[in-house]
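Here the structure comes first, spelled out in structure tokens, and everything after it is commentary.
Fair warning: this is a prediction, and the values are worked out from it, not measured in the lab. Each chain gets a letter, A, B and so on, in the order its sequence line appears, and its residues count up from 1.
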Number of protein chains: 2
Amino acid sequence: MKVMVVDDHDLIRKGIILLLESYADIEVAADAGDGNEALVLAMQTEPDVVLMDISMPNGLDGFTTTKQLIQQQPNIKVVLLTMHDEEAYIRQAIQSGAHGYILKKSQGSDLYEAIYHVYHGQRYYRTDLSEEQIEKMMKEKEKPVSPLTLREQEVLRLTVLGYTNKEIAEKLHISAKTVENHKSNIMNKLDLKQKHEMIQYGIKNYFSDMR
Amino acid sequence: MKVMVVDDHDLIRKGIILLLESYADIEVAADAGDGNEALVLAMQTEPDVVLMDISMPNGLDGFTTTKQLIQQQPNIKVVLLTMHDEEAYIRQAIQSGAHGYILKKSQGSDLYEAIYHVYHGQRYYRTDLSEEQIEKMMKEKEKPVSPLTLREQEVLRLTVLGYTNKEIAEKLHISAKTVENHKSNIMNKLDLKQKHEMIQYGIKNYFSDMR
DNA sequence: CAATACATAGGGGCATCCCCCTATCCGTAT
DNA sequence: ATACGGATAGGGGGATGCCCCTATGTATTG
């Protein structure tokens, strides 16, 4: 099985490569430090399976890269690797088309298991969520990850970062009044009464891998 | 050199162990998944060098564990491993007494370098900060990590979480006016002009490993 | 075709925040 | 002893935010 490893942390990537190479039937064909590099190297080396971290820099995160990779090489299998075990992450993983999902805290043998299963065309999601929940999410492929619209998400993100309505309005090229409306719609949709509930919802859902 | 590896992510830990074992003069004597386990195993196996992640669960993070480890075994050397390259982290590392500091994004060879140097009694801090800045921080061992007072830090933290002045005042049992004053003092101290700069400073310094 | 969702924008009004002051009390350091 | 930093609190005024309302254009969907 030809595997490519994608992770922006050099040290971690090297360690994972050694882990993979300890299996006789795995060959690490390439490794990349970001999404763009991954797309290029996948074309050149044509790996069977790509093992990819979700948190990556330069705007091209693991989800986005997975989508593009599968579009580019439809037969490629992708296993996402992350420390996050939250519904929003798993839903995004499913919607990105990833074939596998494993946690950094999981056992070393899960890594091989995941690659083996997806190589043979099987799905492999190892999370704390139940198989039923995963199945349900697979059937809801079109359901938005967030109850908020894209615009509302942008407004919320900028609000968490402390920008005033006026500043947000300038950034998004709309009027401050519209920003107010978006905020008010967010509060209604999520059935929130106080500003701090909205901020904390935003932090939890859009900044959980802040760094 | 007998080395112990401490990281709560099993997969990452196993990878790093393989990386270390590829060096002939390094022997991985033990590995631990949290701070408590690390303290116990360090007693039992007496490693020369401990390579430890900073972000760890159960309240006992890398800094705290380092302090306790050095108190328990004064001849032990600790190398901290993290993805954070920010002044606050490095200052805390210095104050915890850690002998080395390397980033997950750094090169594989830095890992060996760090262990080799601290084993031979030298300090090894590989960050984007200049050697002068590190030297300065070493001389300021007692200086608080934050330029803000404890009260200001509390106010900032609650502000980031979206609480209004009135709500913060109630939580801290002070008047809303005093909260305003603290905020204004924060802005002056940090030489900030806009609210979002303060919020983002707060996020960076008090919520960087949110999850 | 009608209904719905989404993004846009404004009016009016009240609450809150932010900024520039002044002020007191306490503890520590020079 | 005096000076300084830290925490507390208030006045006044202008800016901003938030809430309730109305309104329009577009796109999608039943």
Side-chain angles (χ1 to χ4, degrees), chain A residues 88 91 95 139-203 205-206, chain B residues 88 91 95 139-203 205-206:
Chain A
R91 193 180 285 280
Q95 296 190 357
K139 288 175 190 135
E140 296 171 332
K141 266 229 166 189
E142 318 76 39
K143 184 177 168 181
V145 173
S146 169
L148 304 181
T149 66
L150 285 176
R151 209 49 161 173
E152 285 162 355
Q153 291 180 45
E154 287 179 276
V155 169
L156 178 51
R157 206 178 55 80
L158 293 169
T159 303
V160 171
L161 290 174
Y163 294 99
T164 64
N165 288 347
K166 197 190 271 186
E167 288 165 340
I168 295 171
E170 279 160 17
K171 279 180 189 291
L172 302 182
H173 308 293
I174 56 181
S175 101
K177 267 296 179 187
T178 305
V179 177
E180 282 180 38
N181 288 332
H182 284 309
K183 281 191 186 179
S184 152
N185 290 335
I186 293 168
M187 298 285 283
N188 286 333
K189 265 191 190 175
L190 303 177
D191 194 30
L192 306 178
K193 270 87 194 161
Q194 283 170 293
K195 192 186 68 167
H196 68 254
E197 296 176 307
M198 180 175 73
I199 298 293
Q200 287 167 32
Y201 175 92
I203 289 173
N205 290 282
Y206 302 108
Chain B
R91 194 179 283 280
Q95 296 189 359
K139 288 177 190 135
E140 299 170 332
K141 268 229 167 191
E142 319 76 38
K143 184 177 169 182
V145 173
S146 170
L148 304 181
T149 67
L150 284 177
R151 209 52 161 169
E152 285 162 354
Q153 290 179 47
E154 286 179 276
V155 169
L156 178 50
R157 206 178 56 79
L158 293 169
T159 303
V160 171
L161 289 174
Y163 294 99
T164 64
N165 289 348
K166 197 190 269 187
E167 288 166 340
I168 295 171
E170 278 161 17
K171 278 179 190 291
L172 302 183
H173 308 292
I174 58 181
S175 100
K177 265 298 180 186
T178 305
V179 177
E180 281 181 37
N181 288 332
H182 284 310
K183 281 191 186 179
S184 149
N185 290 335
I186 293 168
M187 297 284 285
N188 286 331
K189 266 190 190 175
L190 302 177
D191 194 30
L192 306 178
K193 270 87 194 162
Q194 283 170 295
K195 194 186 67 165
H196 70 254
E197 296 175 308
M198 180 175 74
I199 298 293
Q200 288 167 32
Y201 175 93
I203 290 173
N205 289 283
Y206 302 109

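Rounded to an integer number of Å, the gap from CD1 of B/Ile186 to P of D/dG6 is 12 Å. Taking atom CG of residue A/Leu192 and atom C1' of nucleotide D/dG17, one finds them 17 Å apart after rounding to whole Å. The distance from atom CG of B/Leu148 to atom C1' of D/dA7 is 14 Å, rounded to the nearest whole Å. A straight line from CD of B/Glu154 to C1' of D/dA7 spans 11 Å, rounded to a whole angstrom. The distance between atom CG of B/Leu158 and atom P of C/dC17, rounded to the nearest whole Å, is 13 Å. Rounded to an integer number of Å, the gap from A/Lys189 NZ to C/dA5 C1' is 8 Å. Between A/Leu150 atom CG and C/dA7 atom C1' the separation is 12 Å, expressed in whole Å. Between the OH atom of B/Tyr163 and the C1' atom of C/dC17 there is a distance of 18 Å, given to the nearest Å.
Taken from CD1 in B/Ile168 to OG1 in B/Thr159, the straight-line distance is 3.5 Å, to the nearest 0.5 Å. Separating the CE atom in B/Met187 from the NZ atom in B/Lys193 is a distance of 9.0 Å, to the nearest 0.5 Å. One finds the CG atom of B/Leu190 at 8.5 Å from the CG atom of B/Asn205 (value rounded to the nearest 0.5 Å).
In terms of phosphate contacts, B/Thr178 brings no side-chain nitrogen or oxygen within less than 4.0 Å of OP1 or OP2 of D/dA7. The side chain of A/Thr149 contributes an N or O atom lying less than 4.0 Å from OP1 or OP2 of C/dA7. Considering only side-chain N and O atoms, A/His182 lies under 4.0 angstrom from the phosphate OP1 or OP2 of C/dT8.
Checked against side chain to side chain donor-acceptor pair (under 3.5 Å), B/Lys171 has no partners two or more places apart in sequence or in another chain. Checked against ring-ring contact (aromatic ring centres under 6.0 Å, His included), B/Tyr201 has no partners two or more places apart in sequence or in another chain.
Using a 4.0 Å cut-off between charged side-chain N and carboxylate O, B/Arg151 and B/Glu154 make a salt bridge.
For B/Lys189, the NZ atom is densely surrounded, since the number of other residues' heavy atoms within 6.0 Å is greater than 12.
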Note to self: At under 4.0 Å between heavy atoms, how does the protein contact nucleotides 18-30 of chain D? Give one character per nucleotide, 5' to 3', with B, S or -.
What the structure shows: BB-B---------
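Sorted by first and then second residue, the ring pair (Phe, Tyr, Trp, His ring centres under 6.0 Å) pairs involving residues 149-181 of chain A (not counting sequence neighbours) are A/Tyr163-B/His196.
In terms of heavy-atom proximity, B/Val160 sits nearest to A/Ile199 at O-CG2, 3.3 Å.
End-to-end axis angle for the helix from C/dC1-D/dG30 to C/dT30-D/dA1, using five pairs per end and rounding to 10°, comes out at 40°.
A donor-acceptor pair is defined here as one N or O able to donate and one able to accept, closer than 3.5 Å; such a pair exists between the side chain of A/Gln200 and the backbone of B/Leu161.
Side-chain contact between B/Glu167 and A/Gln194 is present, with at least one heavy-atom pair separated by less than 4.5 Å.
Within residues 166-176 of chain B, the residues approached by DNA chain C to less than 4.0 Å at the level of any non-hydrogen atom are B/Lys166, in residue-number order.
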